[in-house]
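Basis for what follows: all heavy atoms, side chains included, without hydrogens, waters or symmetry-related copies. Residue numbers start from 1 in every chain, and the chains themselves are labelled A, B, ... in the order their sequence lines are given, proteins ahead of strands.
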Number of protein chains: 2
Amino acid sequence: MLTQRQALILKNIIRIYTQTEQPVGSKHLMNELPIQVSSATIRNDMAKLEEMGLLDKTHSSSGRIPSISGYRYYLDHLLEPSDVSSNDLAIIQQTFNQQYQMIDDIVEQSATILSTLTSYTAITLGPDVQDIKLDGFRLVALGNHQVMAILVTSAGTVQNQIFQVPESISGEDLEKAVRIINDQLVGQPLAVVAKRIQTDVPQMLMKYVSSPTGFLDIFGDVLKKAGSDHFYVGGRLNLLDFANNDVSSLKTLYSLFEKNDDLANLLRLPDFGTGDSDKIMVRLGDELTPHTLRNYSLITATYDVHNHGRGVIALLGPTSMPYSRIIGLLDLIREELARRLTDYYSNFDD
Amino acid sequence: MLTQRQALILKNIIRIYTQTEQPVGSKHLMNELPIQVSSATIRNDMAKLEEMGLLDKTHSSSGRIPSISGYRYYLDHLLEPSDVSSNDLAIIQQTFNQQYQMIDDIVEQSATILSTLTSYTAITLGPDVQDIKLDGFRLVALGNHQVMAILVTSAGTVQNQIFQVPESISGEDLEKAVRIINDQLVGQPLAVVAKRIQTDVPQMLMKYVSSPTGFLDIFGDVLKKAGSDHFYVGGRLNLLDFANNDVSSLKTLYSLFEKNDDLANLLRLPDFGTGDSDKIMVRLGDELTPHTLRNYSLITATYDVHNHGRGVIALLGPTSMPYSRIIGLLDLIREELARRLTDYYSNFDD
DNA sequence: TATTAGCACTCTAAGTCTTTAAGTGCTAAA
DNA sequence: TTTAGCACTTAAAGACTTAGAGTGCTAATA
């Protein structure tokens with residue numbers, strides 16, 4: 001357990017290091033502390049903090065920098081989220097008050113705000129797709145053998161894709177197939193639908209349609225799209241500022257952002273679903289996979305859309321971030337986002 | 001005018017510098033030339049080439065590097081495109097033989113191939129939208145006050161967007177409006193359509209529909225999308241390799257890639273439309289705008305889709321590229337792309 | 001007992017100096 | 001016109017020095 005003064009010292013070393021990115025020496029720190037003690041006293045406490053593994057030195061006679069464990073301790077015991085500045089608040093309100101067409105737009109905008117206000121990189125994910133159901137499926141002929149397939153889910157999300165239809169498949173067949181799909185599968189969870197088009201649906205179609213495979217490929221494609229998570233990444237370019245010329249980790253990250261599965265892995269919380277998932281979690285150092293990211297810090301928060309699942313918003317930045325401000329901000333945006341989405345769904349089925 | 005030997009020297013300095021990124025000295029060059037001359041002779045020619053502004057020194061006693069003018073001369077007078085290696089050829093053929101759904105996919109794939117084969121960044125643009133006509137407009141109701149608007153053009157491209165429709169607009173009104181649009185505007189160039197919905201169309205709709213503005217906003221939005229160019233950028237990450245830690249130019253470029261207008265400006269050829277536009281053009285140094293890019297080289301080629309306009313493919317890389325190989329490659333992909341798209345359109349209206 | 005002044009010690013960063021190797025330009029001879 | 005020879009230039013790398021920031025320890029102090 002830390003003495004009060006030791007905690008104060010740790011807290012301030014983290015604060016100063018975040019501002020200057022330079023090791024903090026005892027004399028310098030002396031002038032920054034609210035209490036009056038000599039630099040020797042501070043040195044003694046620093047030595048103890050180092051012994052406990054909470055501080056590091058860059059070389060034997062350098063000032064101290066926070067170690068990963070130091071950040072961990074700070075985050076777990078010392079951090080107090082600060083209120084959002086009125087300036088930030090105004091920006092958030094203003095952005096969320098824009099008129100949106102779709103849920104996805106709101107979620108995407110959250111990533112934009114978050115990255116703009118922090119100068120880091122934000123990642124957001126809409127409410128989870130666990131038990132989303134098929135709400136409807138359409139095919140719209142566009143001429144020139146092109147057909148647009150549209151799938152609507154119970155969560156209000158829409159996926160579409162355009163296909164080049166070979167002449168061998170007749171328009172009537174497609175229409176029949178669509179009718180059967182809607183009759184038989186609407187209202188069922190996407191996962192069930194996905195399973196059934198592998199099992200009994202082909203036979204069912206077979207009775208009325210001459211070649212169901214082509215159609216099922218199309219339907220399957222769009223279904224897959226609708227069933228997979230959609231991540232939004234805001235402020236990609238900010239990475240260039242805080243990844244200190246470490247081109248290799250830059251590459252890792254940027255290619256990570258392109259792959260859904262990798263992003264899902266990155267954001268997956270150790271205790272997702274269990275425990276108090278309302279807490280904002282910070283992971284850094286070896287807590288992060290892949291290990292290429294051990295110089296970064298990832299803050300994740302979930303938000304709860306009443307009766308419509310939970311989503312995730314996250315922020316990726318350097319290990320040394322102004323956590324107080326950032327976490328306050330994240331908390332506000334999470335609440336705001338939950339509120340907007342809950343509103344959205346509440347006047348959904350009228 | 002250069003002597004034959006001077007040309008040989010310039011050519012080889014460029015070749016060696018491209019491989020090593022190091023200034024080339026007279027002794028080193030002596031061993032690399034196909035002719036037998038002393039280093040003193042080479043030094044004399046080098047001095048003359050420098051006098052002409054074709055070579056530079058990094059310091060008074062260093063070897064020579066090509067100047068921007070040197071590259072210019074090389075590109076204009078000495079360069080001979082080389083044949084595409086059988087390996088590259090195989091990759092190109094294979095990629096183009098995949099089944100595509102849409103024109104846009106083919107154009108996008110070109111950017112991917114080009115960037116993969118070169119390790120640079122590729123930008124492609126579909127055939128130009130000069131006199132594309134409106135082919136059809138649809139509204140598909142998706143439930144929950146959502147409507148998808150779909151616009152098809154005579155070029156076979158499709159744009160769609162989903163809107164939240166306020167209750168004040170009735171479904172019947174929308175249907176009527178769609179019918180009128182299709183009756184009156186199909187077959188007309190997009191530019192004309194865009195103009196008319198500002199002038200006579202509102203009045204026309206007014207007769208049959210109670211509140212045409214909402215509908216026209218929707219239609220206008222999708223129309224705008226369909227009328228603007230769509231660029232594809234492949235191999236963004238390759239920039240990290242050849243932009244030597246120059247974070248500021250990296251930022252310029254990455255934000256450039258996000259803005260349609262900026263990309264259009266970048267690719268706009270000085271003599272676009274006039275002259276022999278079949279030539280592959282290389283721009284470097286001050287020929288490039290914005291000037292932040294003066295350490296890069298941009299190669300642009302147009303491709304001609306029979307009766308369906310021209311498109312552009314481009315490659316952005318460092319000033320010192322293996323131009324012979326690159327230009328050979330670009331030429332092949334341009335032809336291949338033109339062929340595929342011409343094919344595509346040829347069995348379009350049957 | 002906790003704090004502090006004092007001081008020897010450590011290490012980096014920045015500057016100076018030296019050396020080496022690669023390269024040039026010029027001169028005079030072939 | 002080409003070439004051998006040579007004096008000269010420069011960057012890069014290593015050795016050395018110095019200044020400054022910082023530490024850890026000891027002994028005195030409150």
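Listed for the A:Tyr254 side chain is a donor-acceptor partner under 3.5 Å among the backbone atoms of A:Arg236. Not one N or O on the side chain of B:Ser26 forms a donor-acceptor pair closer than 3.5 Å with the backbone of B:Ile42.
Taking only side-chain nitrogens and oxygens, B:Arg5 never comes nearer than 4.0 Å to OP1 or OP2 of D:dT1. Within the 4.0 Å cut-off from OP1 or OP2 of D:dT1, not a single side-chain nitrogen or oxygen of B:Arg43 is found. For B:Ser62 and C:dG23, the shortest distance from a side-chain N or O to OP1 or OP2 is not below 4.0 Å. Within the 4.0 Å cut-off from OP1 or OP2 of D:dG20, not a single side-chain nitrogen or oxygen of A:Lys27 is found.
For A:Ser26, counting side-chain heavy atoms from C-beta on, the closest listed nucleotide (D:dT23, D:dT9, C:dG25) is D:dT23. Ranking C:dT10, C:dT4, D:dT10 by closeness to the A:Asn44 side chain, first place goes to C:dT4. Minimum atom distance to the side chain of B:Ala40 is reached by D:dT3, of the listed D:dT3, C:dT3, C:dT24. Proximity note for B:Thr41 (side chain, C-beta onward) versus D:dG22, D:dT3, C:dC26: the nearest is D:dT3. For B:Arg64, the listed nucleotide lying nearest its side chain is C:dT24; candidates were D:dT23, C:dC11, C:dT24.
With rounding to whole Å, B:Met30 atom CE is found 11 Å from C:dG23 atom P.
Taking CG from B:Leu263 and CG from B:Leu125, the interatomic distance works out to 9.0 Å, rounded to the nearest 0.5 Å.
Residue side chain B:Ser61 reaches the base of D:dT9 through a donor-acceptor N/O pair under 3.5 Å, judged by distance alone.
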